[in-house]
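Here's the structure we're looking at; comments come further down.
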Amino acid sequence: MRPLLNTAIAALVAASAGPAEAETKGGLFSQINITSDNRYQGNSNSDGHAAVYANVHYWRPDGWYAGLSAYQVDFNDPGKTSYELDFYAGRNLDFDHHKTELNLEGMYTAFPDNGTFGPTYDFFQAKLGIRHTEGRLTLGAVTSFVPQASYGSGQAKRLEGELSYRVTPKVTLNAGVGYRWIARGEDRAYWNLGAATTWKTLGFDLRYVDTSLTRTQCGRFNPGICGPQVVATLTVFLPPVLF
């Protein structure tokens, strides 16, 4: 399960270094995740199976950041694609005493071992996100644009929102909803609802995930990859390298 990136960045930095240190020091922040299903915009990128993914994130106190994410994937395709790499960079702009954050980002997604004949799976996307925290409640939204989506699917646009409520310092309730438009393919709505908790260097997220796609639209060979699913994710926050 992939949360909004600007929300994930804040959680990663705060969990790894602590809120006070995170505001004054930059550095490398890393995590390793094991998930029961690698869901992206509602659909499974791991053929409905468990997957591992990791992230190394460079963050600076002035808001500039860059990073690399690696995901285990299984598209059940002739090329036997097995992993995805996301290279990203951007900047966070803080307003209203850090209550509101604007996020600008560019990301290139590559599938280095894809051997499927035809157009590339690789694509670039530009993102604009906003996040506001008021007390225990945090609201986030992101929109993205892809000039040429995977395998010649044409332009793709996305609008997504996420809400989290901090029940205790260690427990949050989360909900998200989004819609993706694509030139050649099936447009879809997707949503999730769940909770997350942290303990020392561990995090655990449990969510119900679903999409608007029918079994026919999803794919006759594996209709379960976009159907309802409960997704569990365990995260290990690695020690940060501060400088």
Side-chain angles (χ1 to χ4, degrees), residues 1-13 16 26-60 64-92 103-129 142-158 160 178 180 182 185 190 203 205 225 231 233-238 240-241:
M1 187 64 229
R2 307 187 192 184
L4 296 185
L5 185 57
N6 53 337
T7 304
I9 288 170
L12 173 61
V13 174
S16 299
L28 293 175
F29 303 85
S30 306
Q31 60 178 327
I32 299 174
N33 307 269
I34 303 173
T35 183
S36 61
D37 192 355
N38 177 13
R39 290 270 175 148
Y40 178 65
Q41 297 178 13
N43 275 22
S44 174
N45 275 4
S46 57
D47 200 27
H49 306 307
V52 176
Y53 62 96
N55 174 254
V56 178
H57 180 77
Y58 170 65
W59 183 83
R60 295 179 8 161
W64 289 99
Y65 66 87
L68 169 64
S69 299
Y71 294 87
Q72 182 181 5
V73 302
D74 183 0
F75 299 136
N76 198 23
D77 59 346
K80 301 186 183 301
T81 308
S82 65
Y83 70 100
E84 165 192 338
L85 297 178
D86 294 344
F87 304 88
Y88 62 87
R91 189 178 186 190
N92 296 322
N103 175 244
L104 306 171
E105 182 184 292
M107 175 185 286
Y108 185 79
T109 297
F111 301 89
D113 70 339
N114 170 42
T116 304
F117 177 79
T120 180
Y121 283 6
D122 300 0
F123 63 91
F124 170 82
Q125 63 178 309
K127 301 180 185 181
L128 172 64
V142 64
T143 183
S144 65
F145 174 73
V146 178
Q148 183 61 254
S150 285
Y151 210 69
S153 298
Q155 291 185 357
K157 292 171 284 188
R158 169 181 53 134
E160 185 174 319
R180 189 204 67 170
I182 193 163
Y190 52 94
D205 187 289
I225 64 171
V231 179
T233 303
L234 176 66
T235 300
V236 179
F237 298 103
L238 302 179
V241 179

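Model, not experiment: these values are computed from the prediction.
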Q: Starting at CD of Glu105, measure out to CE of Met107 and round the result to the nearest 0.5 Å.
A: 4.5 Å

Q.
For Ala110 versus Asp122, what's the shortest heavy-atom pair and its separation?
A. CA-OD1, 3.4 Å

Q) Does the side chain of Thr233 pick up a donor-acceptor pair with the side chain of Asn33 at under 3.5 Å? A) no

Q: Flag the pair Tyr121 / Glu84 as yes when at least one side-chain heavy-atom distance between them is below 4.5 Å, and no otherwise.
A: no

Q: Compute the centroid of each ring, for Tyr71 and then for Tyr40, and state whether the two points are separated by less than 6.0 Å.
A: no

Q | CG on Leu234 to CD1 on Ile32, rounded to 0.5 Å | A | 10.5 Å

**Q.** Gap between atom CG of Asn43 and atom OH of Tyr190 - 0.5 Å precision
**A.** 10.0 Å

(Q) If we count only N and O atoms by modelled type, under 3.5 Å, do the side chains of Asp113 and Tyr83 hold a donor and an acceptor together? (A) no

Q. Are Tyr88 and Tyr65 close enough that some pair of their side-chain heavy atoms sits under 4.5 Å apart?
A. yes

Q. Under 4.5 Å between any side-chain heavy atoms of Asn103 and Val142, yes or no?
A. no

Q.
When you compare the side chain of Asp86 with that of Tyr108, does any pair of heavy atoms fall below 4.5 Å?
A. no

Q) Is it true that the side chains of Asn114 and Thr116 contain a donor and an acceptor less than 3.5 Å apart? A) yes

Q.
If you compare all heavy atoms of Gly152 against all heavy atoms of Pro119, which two are closest, and at what distance to 0.1 Å?
A. N-CB, 3.7 Å

(Q) Distance check, rounded to the nearest 0.5 Å: Phe111 atom CZ versus Ser150 atom OG? (A) 5.0 Å

Q: Rounded to the nearest 0.5 Å, what's the gap from CG on Asn55 to CG on Leu68? Could you check?
A: 7.5 Å

**Q.** Value rounded to 0.5 Å, distance of CD1 in Ile182 from CZ in Arg158
**A.** 12.5 Å

Q | Asp205 vs Thr235 side-chain heavy atoms within contact, under 4.5 Å | A | no

Q) Would you find a donor on one side and an acceptor on the other, under 3.5 Å apart, between the side chain of Gln31 and the backbone of Val236? A) no

Q) Hey, does the side chain of Asp37 reach the backbone of Ser44 with a donor-acceptor pair shorter than 3.5 angstrom? A) no

(Q) Test your reading of the model: is there a side-chain donor-acceptor pair from Ser46 to the backbone of Asp74, 3.5 Å cut-off? (A) no

Q. Between the main-chain N or O of Val146 and the side-chain N or O of Gln125, is there a donor-acceptor pair closer than 3.5 Å?
A. no

Q) Heavy atoms, side chains only, cut-off 4.5 Å: are Arg180 and Glu160 in contact? A) no

